[in-house]
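Residue numbers start at 1 and run along the sequence shown. If you're wondering where the values come from, they're calculated on a predicted model, not measured in any experiment.
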Amino acid sequence: MTTDNERQLREAGEAIRAGRTREARHLLEQVARQDPAEYRAWLWLAGVASSPQASLAYLEKAEALRPGDRNVD
């Protein structure tokens with residue numbers, strides 16, 4: 001994980017806490033594109049997804065990356 005990705009994850013978390021879901025989604029999508037193995041991006045995307053179907057797909061991706069992780073269940 002690059003420091004840029006860490007910064008974007010931190011900013012996405014701040015945006016989520018402030019209710020700026022569109023901004024958070026954009027940041028998380030960037031992280032997921034740059035590092036598809038970063039399960040936190042997929043997990044957090046599930047929380048700000050634009051539809052229930054997208055949320056489920058993001059959760060499935062996170063689970064595939066970290067099977068059995070209590071944060072994904």
Side-chain angles (χ1 to χ4, degrees):
M1 159 109 16
T2 67
T3 56
D4 191 45
N5 285 353
E6 283 292 337
R7 180 189 54 77
Q8 287 176 307
L9 282 172
R10 191 172 48 254
E11 289 176 8
E14 292 168 6
I16 289 168
R17 286 187 291 282
R20 300 187 316 268
T21 57
R22 185 181 305 174
E23 177 186 345
R25 190 168 41 248
H26 175 73
L27 289 163
L28 293 166
E29 287 169 347
Q30 286 181 342
V31 172
R33 272 194 303 277
Q34 293 168 357
D35 185 0
E38 176 49 65
Y39 89 102
R40 291 176 297 176
W42 299 106
L43 183 61
W44 295 359
L45 272 167
V48 295
S50 59
S51 72
Q53 294 83 5
S55 182
L56 182 57
Y58 293 141
L59 283 174
E60 288 171 351
K61 179 69 175 179
E63 173 65 20
L65 291 168
R66 296 282 292 256
D69 189 308
R70 294 181 67 202
N71 292 315
V72 180
D73 293 339

Kindly write out the residues that satisfy side chain to side chain donor-acceptor pair (under 3.5 Å) with Glu23, not counting sequence neighbours, or none if the list is empty.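 Listed in chain order: Arg20.
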
Table please: side-chain donor-acceptor pairs of residues 41-54 below 3.5 Å, with sequence neighbours left out.
residue: Trp42; atom: NE1; partner: Pro36; partner atom: O; Å: 2.9
residue: Ser51; atom: OG; partner: Gln53; partner atom: OE1; Å: 3.4
residue: Ser51; atom: OG; partner: Ala54; partner atom: N; Å: 3.0

Report the distance from atom CD of Glu60 to atom CD of Glu63, rounding to the nearest 0.5 Å.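 So the CD of Glu60 and the CD of Glu63 are separated by 9.5 Å.
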
Tell me, do Glu6 and Arg40 make a side-chain contact under 4.5 Å, heavy atoms counted? yes

Note, Glu38 side chain near Asn5 side chain (heavy atom, < 4.5 Å):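 They are not in contact (no side-chain heavy atoms under 4.5 Å apart), so the answer is no.
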
Can you pull the side chain to side chain donor-acceptor pair (under 3.5 Å) pairs that have at least one residue in residues 8-17, sequence neighbours excluded? Arg7-Glu11, Gln8-Gln30

Cluster link Ile16 to Leu27, ILVMFWY, side chain under 4.5 Å: no

